[in-house]
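Working notes for the structure below.
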Number of protein chains: 2
Amino acid sequence: MQTTSPIENKVFQALADPSRRAIFESLTRGEAPVRDITARFSISQPAVSQHLAQLKDAGLVIGQKRGRSVYYRVRPEGLKPLIDWIAHYRAFWTDHLGQLENLLKELDP
Amino acid sequence: MQTTSPIENKVFQALADPSRRAIFESLTRGEAPVRDITARFSISQPAVSQHLAQLKDAGLVIGQKRGRSVYYRVRPEGLKPLIDWIAHYRAFWTDHLGQLENLLKELDP
DNA sequence: CCGATCTATAAGTATATGCTTATGGGTTGT
DNA sequence: ACAACCCATAAGCATATACTTATAGATCGG
């Protein structure tokens, strides 16, 4: 609609799909080749590759080719746009309700 | 795909659309009736109402009828699922890279 | 070298999504 | 009461999206 950075868009959109979130979350347990990721879910390997491509384009994961496998792992910095987006309204939250302050304590106790 | 709470899904999906993020962000400036929100963007009033309905269903905004207007405002607690989702992996972030710690300092300085 | 394995990409399809115009219900001012 | 206003909802449409199967390129084991 207007002033939204492309990367921010990509991150939000990548995480909007439950399958991609599940894949992303599963990579939290550690890097894994595509075949292993595929085995964890009930969708086809191409579907997984397509999701990974989108996560990668959003900067949320990276893939490293080793032999005939491609190992994917999470890129924590990829979440920065998401965190920045929330942080952008910190002043508002605290001024109006102070609710976020409590929530943030859960994050950084 | 699997174990994703419905509300979490709704929040992520609601924020995935740039128009809805823009509307949500504009409500950060304060409550506003639908007509005012509509005036801020270049989409029709029904489109705005549909976006607001989805944001409301996700718990991100609430609407209050006053006269013939409906004033919408942000519901900060609505972002909790988003923050919880990030926080859920805090241990992972800090254990592996410690990157998120720095990011969090931006949030709660 | 050859068959098997691993992954990405192409092509096709069904559904979801975001928008539009049309309309109806509710509220206000005259 | 009536016209104007505000909003939500219905219906329709064009595009986006998430999946499938088919396939080709790359790599490994025997």
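Chain letters run A, B, ... following the sequence lines, proteins first and then strands; every chain starts at 1. Note that the structure is predicted; figures quoted are calculated from it, not measured.
Between I23(A) atom CD1 and dA18(D) atom P there is a gap of 11 Å when expressed in whole angstrom units. When rounded to the nearest whole Å, the span between CZ of R20(A) and C1' of dA16(C) equals 13 Å. In this structure, I43(A) atom CD1 and dA18(D) atom P are separated by 11 Å, rounded to whole Å. Spacing between atom CG of D17(B) and atom P of dA16(D) amounts to 13 Å, rounded to whole angstrom units. When rounded to the nearest whole Å, the span between NE2 of H51(A) and C1' of dT7(C) equals 16 Å. For Q13(A) and dT15(D), the CD to P distance is 17 Å, given to the nearest whole Å. Rounded to a whole Å, the CD atom of Q64(B) is 13 Å from the P atom of dC7(D). One interatomic measurement links the two molecules: CG of D36(B) to P of dC6(D), which rounds to 9 Å at whole-angstrom precision.
For Q54(B) and R20(B), the side-chain atoms include at least one donor-acceptor pair closer than 3.5 Å.
Looking only at distances, no side-chain donor or acceptor of S49(B) sits under 3.5 Å from a matching main-chain atom of P46(B).
Between S69(A) and dC6(C), a side-chain N or O to OP1/OP2 separation shorter than 4.0 Å is absent. Taking side-chain N and O atoms only, S19(B) has a distance below 4.0 Å to OP1 or OP2 of dC19(C). The side chain of R35(B) contributes no N or O atom lying less than 4.0 Å from OP1 or OP2 of dC5(D). Not one side-chain nitrogen or oxygen of R68(A) sits closer than 4.0 Å to the OP1 or OP2 atom of dA4(C).
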Discussion item. What verdict does the side chain to side chain contact (heavy atoms under 4.5 Å, CB included) test give for R73(B) and V61(B), after you've listed the backbone C-alpha separation in whole Å, the side-chain angles of each residue and the deciding distance to 0.1 Å?
Written reply: CA-CA 5 Å; R73(B) 56 190 160 88; V61(B) 304; over 6 Å; no
Could you pull out the protein-nucleic contacts involving nucleotides 8-15 of chain C (nitrogen or oxygen on both sides, under 3.5 Å)?
| residue | atom | partner | partner atom | Å |
| --- | --- | --- | --- | --- |
| dA8(C) | OP1 | Y72(A) | OH | 2.6 |
| dA8(C) | OP2 | S49(A) | OG | 2.6 |
| dA8(C) | N7 | Q45(A) | NE2 | 2.9 |
| dA8(C) | N6 | Q45(A) | OE1 | 3.3 |

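Annotation: the span from I7(B) atom CD1 to L60(B) atom CG amounts to 7.5 Å, rounded to 0.5 Å. Q13(B) CD to D57(B) CG: the interatomic distance, rounded to the nearest 0.5 Å, is 10.5 Å.
Salt bridge absent: R40(B) and E25(B) never bring a charged side-chain N and a carboxylate O closer than 4.0 Å.
Across all non-hydrogen atoms, the minimal contact from R21(A) to N9(B) is NH2-OD1, 2.9 Å.
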